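Since we're looking at a predicted model, the values are computed, not measured. Throughout, protein chains are lettered first and strands after them, A, B, ... in sequence-line order, and every chain is numbered starting at 1.
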Amino acid sequence: MLELRLSQGVLLKKILESVKDLLSNVNFDCSSSEGLCLQSMDSSHVALVSLQLVPHSFEFFRCDRNLSMGINLTHLSRLLKCAGNDDVITMKADDRSPDTINLMFENPKHDRISDFEMKLMDIEAEHLQIPDTSYEATVTMPSQEFARICKDLSTIGDTVAISITKEGVKFSVSGAIGNANIICRHNISVVKPEESTIIDMKEPVTLSFPLRYLNSFTKATPLSNTVIVSMSHDLPMVVEYKISGAGHMRFYLAPKVEDDAMEAL
Amino acid sequence: MLELRLSQGVLLKKILESVKDLLSNVNFDCSSSEGLCLQSMDSSHVALVSLQLVPHSFEFFRCDRNLSMGINLTHLSRLLKCAGNDDVITMKADDRSPDTINLMFENPKHDRISDFEMKLMDIEAEHLQIPDTSYEATVTMPSQEFARICKDLSTIGDTVAISITKEGVKFSVSGAIGNANIICRHNISVVKPEESTIIDMKEPVTLSFPLRYLNSFTKATPLSNTVIVSMSHDLPMVVEYKISGAGHMRFYLAPKVEDDAMEAL
Amino acid sequence: MLELRLSQGVLLKKILESVKDLLSNVNFDCSSSEGLCLQSMDSSHVALVSLQLVPHSFEFFRCDRNLSMGINLTHLSRLLKCAGNDDVITMKADDRSPDTINLMFENPKHDRISDFEMKLMDIEAEHLQIPDTSYEATVTMPSQEFARICKDLSTIGDTVAISITKEGVKFSVSGAIGNANIICRHNISVVKPEESTIIDMKEPVTLSFPLRYLNSFTKATPLSNTVIVSMSHDLPMVVEYKISGAGHMRFYLAPKVEDDAMEAL
């Protein structure tokens, strides 16, 4: 028996919106220790998506045994369109009907109740172990700023070089119409901490990435005011959106190799 | 001689928006007793649209003799796009030029006047007599809520079963991705009466309808805060939007027969 | 050496938006006496676009020698999408690299700096001398009103006849669905002068124009609250948007000849 009650249903809507372009069919894994998790390579096997909603992020959390639910995200996303932003969402799975899950949406006035029975799928997936690494350079910045820069620069070129130095973070693109550099300086806002750009580094790192993927990751912008970008020379970058008191959404993306070479010159 | 002066021109704009997907060419009938009326089957001959604007809903109403004006709704809708929401709209027909009507839009400051001469059409139409029936079950609910439910459920399936019982109204759909039920409970809000869901029934009724038509009807949502859905076993349902102190817009739709059979099981 | 610093970067964004449908590749001419100017026939060689930003409209203006910069407007428009509305925009050209210009966008907090290097083009263009004429009839009216009328009427026909008389300005269109006239009366608002419609005429003028071009010109509506339409019998009309304390954007369009003939009847 599984029963998860999320008082802010909008959170689940935002999560679906942030991954439905990258992923199609995925296993949601649930356990009493970890909560609700999702880990999957994107359909082109380039980026890795990792989501965790810890047990105490739910108003009610019951998970009698570890459970893996194969879900078609397009279908789930369509069902969630029927939930209001203020609705409480309850997800139930019953051992007696292992092929379906139940979703229930209740509006705050409790005069409208929607319930949905959704078919589950068998999805083969290998669970990758993601090592807990410390990164050479990390920038924490407003998530909307990061999203805007990735979108803006993709009108100029396909690949962005991201450089983290102690002065700030620089995004560079070159394309047929010219070259562009956007620099966000390290600056800590005491009044509005969520508007700070904070550099935390052991050594400067410059890596290049396809903007197409970064633009997909930034679909998660509504999940958090800030984004944390972590880079090391020989590792995939991590783009992390912390979900306030509830977990995180992380995207992993390997740097482009040819640019690594160029950078070494 | 016909002259109708509507101080809230936006009302005519909303009426056109609400029927222009269902109807193409229709007769507007005008008489001193009934006011301005429209009655027509939709182009696929499945649904019936019935509109009445009573004489006193006009600031000025003159109709010397009964008149039927054949109007291309696409053309009228295009002309009405030129009217501001605050404009006063005057419609004139003159016996000396029976093939055209004149529309005049005046903005509130009276420094902009637009006048249009529109060609009329000959439209053959039988006028159906709609009997005044009392229905077995009726639900009055917020029109936006009804519109949202019809829209939401059409992402899941094509046909909705609507059940009115004394507890409330239930909308059920099943499709390839699963099943859905949305229940709106009978509840009367004293503070905001327009947010009430009011059940009025002699006996429970369950009927099924194609969502495509319901979604067309809900284009009339801007006409009224509430919608009245009336159902009886052997009759078309009625979806009615009352136009405050001015008349009504009603849509009639026959239930799906196969579902009647299912319901009898 | 050229350096132009525009404190309201949004102005340059609006200018680009207003001409990018009409023009593709154009020369921006810069001189210490005239400031930044652009003059070009549209791609179909029907309308003439003329822009001037006078030197004192820039926060900083340096132009050592007359300079003509060939710019692909689609490219420039894409770069300007990366500028925030509040950004300060600086444009630099250096004699040592005559094939490129530099654009720099600084946000108000000065913690984000974007710089772009854009390639210039060789564009052959003849500079037309536009004589300074006095027109027979001129109407100054709210630019949004003018834009709305042109848009509304283009749903009815392709060609608008504009008549300026001492009572006001009349826009007439006829098409398959009927005829339309919109009259804006001469009226001076003391409280909100920008809402006035002011007629200034020596003699009445009626000329006809293709609405398609007028609708393109009204893309410049964000540049000014008012528009000035000037007409004379044997001259192209002028549609002018004054840029507050900074210059102007003017569009010239020849009247349709067949309608001139009709008007003479």
Problem set entry | Min side-chain heavy-atom separation B/Ile113-C/Ile182 under 4.5 Å | no

Problem set entry | Rounded distance [0.5 Å steps], CD1 in C/Ile177 versus CZ in B/Phe116 | 9.0 Å

Can you list the donor-acceptor atom pairs spanning chain B and chain C that come in under 3.5 angstrom?
| unit_1 | atom_1 | unit_2 | atom_2 | d |
| --- | --- | --- | --- | --- |
| B/Arg78 | NH1 | C/Thr155 | O | 2.7 |
| B/Cys82 | O | C/Arg148 | NH2 | 2.6 |
| B/His110 | O | C/Arg185 | NH1 | 2.9 |
| B/Asp111 | O | C/Arg185 | N | 2.9 |
| B/Asp111 | OD2 | C/Asn187 | ND2 | 3.1 |
| B/Arg112 | NH1 | C/Glu145 | OE1 | 3.3 |
| B/Arg112 | NH1 | C/Glu145 | OE2 | 2.9 |
| B/Ile113 | N | C/Ile183 | O | 2.9 |
| B/Ile113 | O | C/Ile183 | N | 2.7 |
| B/Asp115 | N | C/Asn181 | O | 2.7 |
| B/Asp115 | O | C/Asn181 | N | 2.8 |
| B/Glu117 | N | C/Asn179 | O | 2.9 |
| B/Glu117 | O | C/Asn179 | N | 3.0 |
| B/Glu117 | OE1 | C/Asn179 | ND2 | 3.1 |
| B/Lys119 | NZ | C/Ala176 | O | 3.4 |

Exercise. When heavy-atom pairs shorter than 4.5 Å are enumerated against chain C, which of B/Ala83, B/Cys82, B/Gly84 gives the highest number?
Worked result: B/Cys82

Seminar exercise, completed: With chain B, the option among C/Ala180, C/Gly178, C/Gly168, C/Ala176 that has the most non-hydrogen atom pairs under 4.5 Å is C/Ala180

